[in-house]
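Heads up, the thing below is written out as structure tokens.
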Protein chains: 2
Amino acid sequence: MAKPFLLGVLGGMGPLATLDFQRLLLASTPAQNDQQHLPTVVWNVPQIADRQKALAGAGPSPLPQLLHATEMLNRAGASHIAIPCNTAHHWYDALSAASDAPILHIVDATLAALKQEADRPQRVGIIATKGTLEAGWYQQKMAAEGIEVIEPTADELTGWFVPGCYAVKRGALEEGGALLVRQAHALFERGAQKLVLACTEVPVALDAVNAPFLDLTFDPARALAERCSQLWQAR
Amino acid sequence: MAKPFLLGVLGGMGPLATLDFQRLLLASTPAQNDQQHLPTVVWNVPQIADRQKALAGAGPSPLPQLLHATEMLNRAGASHIAIPCNTAHHWYDALSAASDAPILHIVDATLAALKQEADRPQRVGIIATKGTLEAGWYQQKMAAEGIEVIEPTADELTGWFVPGCYAVKRGALEEGGALLVRQAHALFERGAQKLVLACTEVPVALDAVNAPFLDLTFDPARALAERCSQLWQAR
């Protein structure tokens, strides 16, 4: 017998972004009462090794903690798992192999949303961690769709993106937002027509400072939430 | 060996209130980085029998689903459990007996917060479900502190409180807020100096409509979140 639908959210990276993902799940689901909303079990444990540092070879791997979270979500009865953190998808294969519940991939969800756009962009900027950029998932899948990808430079990452993210993580949304707005403008100036905000801290911060270009952005966390909601509604 | 700290949140009643409780947990915890925030595992499964109807004898009991949630949170490693729903505390004894992890009681957390007030009120109004009011937990513990309790009338509950709550549950925050503001004013007019908002939908709705008397209210969910955060910080 199939397990009843229960979405396991492997979160904690960071705790605020995990809340935002849950808000997106509610917003993606037309519901007239509580019972129509997605059943979820959310692992929001921020005591996990820093993904950016691990991928830079400057810290321990988060894989043991990610595997533990996957095991606990399976034990709690999850029928599907979503990870609202782009960088953590570096360990996607190992986690998928260890999980009974299938893990939805955030890049697949984003590309599916991008392909459905009426006004499909030719050049897309991407704001993401060095780890996500080096992994090349977004670039490869967008190239396969004939979309040119515009990436942050190394200087932009160290000057704007990284301090912007860590500001969000300590709750300084305005400070983080201001830095991330500068990163976004740099990509628009180099020709990006739209932006993929491929790090869950970024949309939270741009929202907090009311960035005027939000309608030109894709939020992979939102695309992932919408895919989860579609699965729930189609069950 | 003691289990590592992991707060299990038995939520889902409703899904929006469960998000609000997680936001209160973050707000209650001074943190400079992700790792300093409370580790939580959140059961947000709204497919649970209606508590108000069950207590009115008009529907099935939610106890089997509450017991299942308690078991799953224990399986996922919870060291403590919090239930951010006043009415669900009707089943507190049965859940506590079935849980390895101790369950914090929302009324104890609220009374502790009320007792710490510099400007302690003599007459406190309470906005709550019929089930919570009939259980008498708040009334008994406030009476023991010499505080007079002012309750909604049956007409106020059916005219304002109940439809207000269900409006919140379907996401109509402004509509729910307007009804709950009328309930609040009625209690102030009968002499309440402060209000205990003893149903997790109420603070969400009053916040959404910017009710001008919010500084005269106690939010038991906030008191519970602060108690959880204190436990985490003192670990």
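So you know, we letter chains A, B, ... as the sequences are listed, proteins then strands, and number each from 1. What you are looking at is a predicted structure, and each value in this text was computed from that prediction instead of being measured.
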At what distance, to the nearest 0.5 angstrom, does CD of A:Gln35 lie from CG of B:Asp50? 7.0 Å

Turns out that what part of A:Leu6 lies under 4.5 Å from chain B's heavy atoms comes down to side chain

Taking all heavy atoms of A:Leu38 and all of B:Pro46, pick out the closest pair and write down the distance. O-CD, 3.8 Å

Are there more than 12 heavy atoms of other residues, nucleotides or ligands under 6.0 Å from atom CZ of B:Arg222? no

What I'd like to find out is whether the side chain of B:Arg170 reaches to under 4.5 Å of the side chain of A:Asn33, using heavy atoms alone. no

Please look at B:Leu25 and chain A and tell me whether the side chain, the backbone, both or neither of the residue comes under 4.5 angstrom of a heavy atom of that chain. neither

Under a 4.5 Å heavy-atom cut-off, does chain A meet the side chain of B:Leu19, its backbone, both or neither? both

Among residues 91-103 of chain A, residues within the sub-4.5 Å heavy-atom range of chain B, in order of number, are none

Go through A:Leu16 and B:Leu26 one step at a time and tell me if the side chain to side chain contact (heavy atoms under 4.5 Å, CB included) criterion holds. CA-CA 8 Å; A:Leu16 190 62; B:Leu26 289 179; 3.9 Å; yes

A:Val41 and B:Val41: side chain to side chain contact (heavy atoms under 4.5 Å, CB included), yes or no, with the steps? CA-CA 7 Å; A:Val41 55; B:Val41 55; 4.2 Å; yes

For the candidates A:Val45, A:Val42, A:Val9, which exhibits the highest count of non-hydrogen atom pairs separated by less than 4.5 Å from chain B? A:Val42

Approximate separation, where rounding is to 0.5 Å, of B:Lys169 NZ and A:Gln36 CD: 13.5 Å

Just by distance, do the side chain of A:Gln22 and the backbone of B:Thr18 share a donor-acceptor pair under 3.5 Å? no

Taking every non-hydrogen atom, the tightest pair across A:Asp34 and B:Gln47: O-NE2, 4.4 Å

Under 4.5 Å from any heavy atom of chain B - which part of A:Ala76: both

Taking atom CD of B:Glu174 as the centre, report whether more than 12 heavy atoms of other residues, nucleotides or ligands fall under 6.0 Å from it. no

Of the listed residues (A:Gly14, A:Gly171, A:Ala172, A:Pro15), which shares the most heavy-atom pairs with chain B below a 4.5 Å separation? A:Pro15

Straight-line distance of B:Arg23 CZ to A:Arg23 CZ, nearest 0.5 Å: 12.5 Å

